[in-house]
Amino acid sequence: MSPKKSKRSCKKCGILIRDHHHAKAGRFCTGPPWPAPTPSPDPPAAADSPQIPDLETLQQQREDLQSAIERARLAREVRDLEADLRALQLDITSGKPVNSPPATPEKQLPGATPPVPPPANQTPPPSEQTPADHTPPPPPPPPPAQTTTTDQTPPPPAPTPPIVPPPAPAPAGTPPPANLQELRQHPQIQAAMQELTSSSLALDDLLSRPTTVPATSTVPASTPSPAAPLRRIDQDPQIYLATNTGHPPPPGLATTLERNLDAEISAFRASTFADSTKSTYGTHLRAYLQFCLFLGYPPVPATTEIVCRYAAFLARSLTYTSVRQYLNIVSLLHKEFGMPNPTLQNWQLHTVLRGIRRFKGDTPRRKLPITPTILLGILSTLDLSLSVDATFWAACLVAFFCLFWKANLVPSSKNAFSASKYLSRCDFKLSAWGFTVTCRFSKTIQFGERLLEIPLPAIPGSPLCPCAALTLAFSKTRGALPDQSAFLYSEPTGSLTPLTYPKFLRKLRSSLSALGFKPSLYAGHSFRRGGASYLLECGVPLDLIKIMGDWKSDSVFVYLAINLQGRLTVMNKMGQRLRTLL
């Protein structure tokens with residue numbers, strides 16, 4: 001008796017196993033069966049049978065289709081951008097959009113195709129065919145409509161960098177500026193820079209002098225009605241104000257409050273940097289704008305090529321350290337307009353700066369220290385019977401013993417004095433052993449977070465006694481008020497005038513020139529460096545010197561100057577120790 005045939009069915013295609021088209025081949029089922037090949041006396045030609053593409057061909061076709069879709073999307077974006085650029089043209093003097101005649105052809109972006117307007121009553125055909133299996137992303141939902149009342153101002157638009165046009169072409173035969181100094185004196189650049197005084201590129205908020213913060217205005221609130229239900233303000237501010245105060249907020253007062261808040265924002269932003277930093281950034285900003293004006297470059301956004309060319313131009317007349325400082329304004333401009341910083345992680349700019357440093361060197365130009373011997377020589381050139389000389393001598397000793405910066409002592413001008421930043425008469429307290437000096441503002445105390453108290457002990461019988469010098473200077477200006485400058489001198493007319501840094505520097509260099517020193521090698525910072533170096537010679541530990549000078553970093557090592565005698569003392573100690581080993 002013959003065995004029973006299996007009647008099991010394939011779990012994938014559903015036909016009997018005995019009739020399965022892969023049963024004889026011994027392969028697994030991969031889907032619905034192909035029709036069984038039937039013998040035909042006349043099989044069709046190979047050219048008439050459909051050719052199934054392989055996997056590589058399908059992948060290539062898919063990549064080509066995706067590339068075509070991406071090119072179409074980019075072309076639409078470019079056309080939209082060109083339309084926006086034609087509709088928005090910024091005035092260089094005001095930074096606001098102005099209406100221009102549409103008939104003037106505008107310069108299009110490279111590689112862009114101008115859009116062709118569709119005929120009337122006809123929808124334009126799509127630029128690219130979308131495949132059946134590709135669903136385009138849905139369009140973004142329209143922004144909600146904002147209801148603006150007549151008394152409420154709309155929110156200010158985002159800052160947009162103005163377009164800086166190049167200056168008028170120079171006459172034939174005029175050589176280009178060779179360095180930064182010639183660029184500043186170029187007549188066309190000077191005329192073009194006057195047009196940028198009112199533009200947003202001037203960074204008026206950050207580099208302007210801070211003004212007084214306006215007084216805040218308050219909205220009078222009435223007593224809430226006891227019958228009115230109290231709501232939390234996080235549920236609905238309008239309902240909260242309407243139910244708890246009895247009336248909605250007045251639109252006029254709201255607009256006034258917004259204007260006051262904007263004025264306060266400008267005042268706060270104007271206090272971001274110190275006055276000296278603002279002056280430095282202003283110089284760097286003018287230099288960068290002059291460079292962009294002459295070559296017709298957009299200051300923002302700046303490409304890598306523009307930044308590298310600007311660095312090479314600065315290297316013609318500046319040191320490596322100054323080039324890096326001048327490039328900071330490029331970073332600040334891009335941060336102000338919310339654009340990526342072109343100087344950050346830029347390999348090409350890094351190599352250019354590295355080459356400038358190797359080619360020009362990086363030798364620091366530090367001022368020489370003022371030593372006690374030089375102080376005695378300065379004293380010999382002064383007439384302490386004069387009020388101005390007595391005040392100058394007191395300022396020199398205070399700067400030497402307290403390790404002060406020049407910005408702590410005297411202001412840059414008579415009108416720049418502020419009791420919160422510079423030393424005033426009330427900051428010197430006399431005691432039995434000497435004076436106590438209170439410093440409220442310095443390079444490391446910018447926000448009034450602490451006070452720095454420095455003792456000035458008396459040195460009886462010494463011509464370098466700081467207490468005797470202060471007592472003499474104060475006795476010649478007895479009419480000074482406590483909040484006036486500590487270093488005042490009496491004019492021949494009897495009026496009291498604060499000692500400014502330019503006058504302090506002129507008298508210092510005049511005394512040094514009379515002593516035979518080169519005046520250009522010394523400045524107000526020489527007293528801080530000289531005092532720190534003398535403390536090291538006296539054997540004071542380095543950590544105490546750092547505390548006395550209020551250093552927050554290891555830059556104290558830069559200030560210390562060890563003379564040859566001090567180095568010889570160190571080497572002698574080494575030799576004495578070696579002799580004990582023999």
Side-chain angles (χ1 to χ4, degrees), residues 368-406 408-410 422-439 442 452-478 480 482 484-490 496 498-499 501 503-505 507-508 510-512 514-515 517 522-540 544-545 547-550 559 561 563:
L368 297 181
I370 295 288
T371 62
T373 305
I374 297 178
L375 283 175
L376 291 175
I378 293 175
L379 178 60
S380 64
T381 63
L382 301 177
D383 184 6
L384 297 184
S385 62
L386 300 177
S387 177
V388 61
D389 285 3
T391 302
F392 168 74
W393 177 242
C396 290
L397 292 183
V398 170
F400 179 81
F401 282 95
C402 296
L403 310 182
F404 274 154
W405 290 276
K406 65 179 183 180
N408 296 119
L409 290 174
V410 290
Y422 301 97
L423 292 176
S424 58
R425 186 65 62 94
C426 63
D427 293 330
F428 291 82
K429 303 295 183 181
L430 182 61
S431 60
W433 49 265
F435 281 93
T436 301
V437 186
T438 302
C439 181
S442 67
L452 179 63
E453 293 184 346
I454 303 175
L456 276 181
I459 311 176
S462 173
L464 300 181
C465 177
C467 297
L470 282 172
T471 303
L472 178 63
F474 289 168
S475 65
K476 295 182 178 297
T477 55
R478 295 185 182 275
Q484 285 185 306
S485 175
F487 303 104
L488 294 172
Y489 64 92
S490 178
L496 299 180
L499 181 66
Y501 182 72
K503 188 174 185 62
F504 175 86
L505 190 59
K507 291 193 69 64
L508 174 64
S510 176
S511 299
L512 293 174
L515 296 174
F517 294 98
Y522 298 87
H525 218 62
S526 300
F527 293 93
R528 178 174 171 85
R529 187 181 182 191
S533 301
Y534 189 68
L535 287 177
L536 185 64
E537 293 180 10
C538 296
V540 179
L544 291 182
I545 298 177
I547 293 175
M548 290 296 298
D550 201 26
Y559 287 82
N563 53 17

Original post:
So do Phe428 and Leu423 actually touch side chain to side chain, heavy atoms under 4.5 Å?
Top reply: yes

**OP:** Return the minimal non-hydrogen interatomic distance between Ile370 and Tyr522, and the atom names on each side.
**Re:** CD1-CD2, 3.6 Å

Subject >> Check against side-chain contact (heavy atoms from CB on, under 4.5 Å), Ile454 and Thr436 >> reply: CA-CA 6 Å; Ile454 303 175; Thr436 301; over 6 Å; no

**OP:** For the residue pair Ser442 and Leu452, establish whether any side-chain heavy-atom pair is separated by less than 4.5 Å.
**Re:** no

**OP:** Using a 4.5 Å cut-off on heavy atoms from C-beta on, say whether the side chain of Leu464 contacts that of Trp393.
**Re:** yes

Subject >> Steps toward side-chain contact (heavy atoms from CB on, under 4.5 Å) verdict (Leu397, Leu375) >> reply: CA-CA 8 Å; Leu397 292 183; Leu375 283 175; 4.2 Å; yes

Original post:
Going through the distances and angles, do Leu403 and Asp550 end up as a side-chain contact (heavy atoms from CB on, under 4.5 Å)?
Top reply: CA-CA 9 Å; Leu403 310 182; Asp550 201 26; over 6 Å; no

**OP:** Examine Lys429 relative to Phe435 and say whether NZ or CZ is less than 6.0 Å from the centre of the six-membered ring and inside a 45° cone about the ring axis.
**Re:** no

Subject >> Close aromatic pair by centroid cut-off 6.0 Å: Phe404 and Phe527 >> reply: no

**OP:** Taking the side chain as every heavy atom from C-beta outward, state whether Val410 and Pro498 have any atom pair closer than 4.5 Å.
**Re:** no

**OP:** Could you tell me whether Arg425 sits above the aromatic face of Phe474, with NZ or CZ closer than 6.0 angstrom to the six-membered ring centre and within 45 degrees of the axis?
**Re:** yes

Original post:
Quick check: are there more than 12 heavy atoms from other residues, nucleotides or ligands sitting under 6.0 Å from OH of Tyr534?
Top reply: no

**OP:** Tell me, with the steps shown, if Tyr422 and Asn408 meet side-chain contact (heavy atoms from CB on, under 4.5 Å).
**Re:** CA-CA 5 Å; Tyr422 301 97; Asn408 296 119; over 6 Å; no

Subject >> Check: Ser490 main-chain N/O paired with Ser387 side-chain donor or acceptor under 3.5 Å >> reply: yes

Original post:
So, do Met548 and Phe401 sit near enough that their side-chain heavy atoms are less than 4.5 Å apart?
Top reply: no

Subject >> For the student: nearest non-hydrogen atoms of Cys467 and Gly434, plus distance >> reply: SG-CA, 3.7 Å

**OP:** State, yes or no, whether a side-chain contact exists between Leu515 and Ser380 at a heavy-atom distance under 4.5 Å.
**Re:** yes

**OP:** Could you walk me through whether Thr381 and Ser511 pass side chain to side chain donor-acceptor pair (under 3.5 Å), step by step?
**Re:** CA-CA 6 Å; Thr381 63; Ser511 299; 3.0 Å; yes

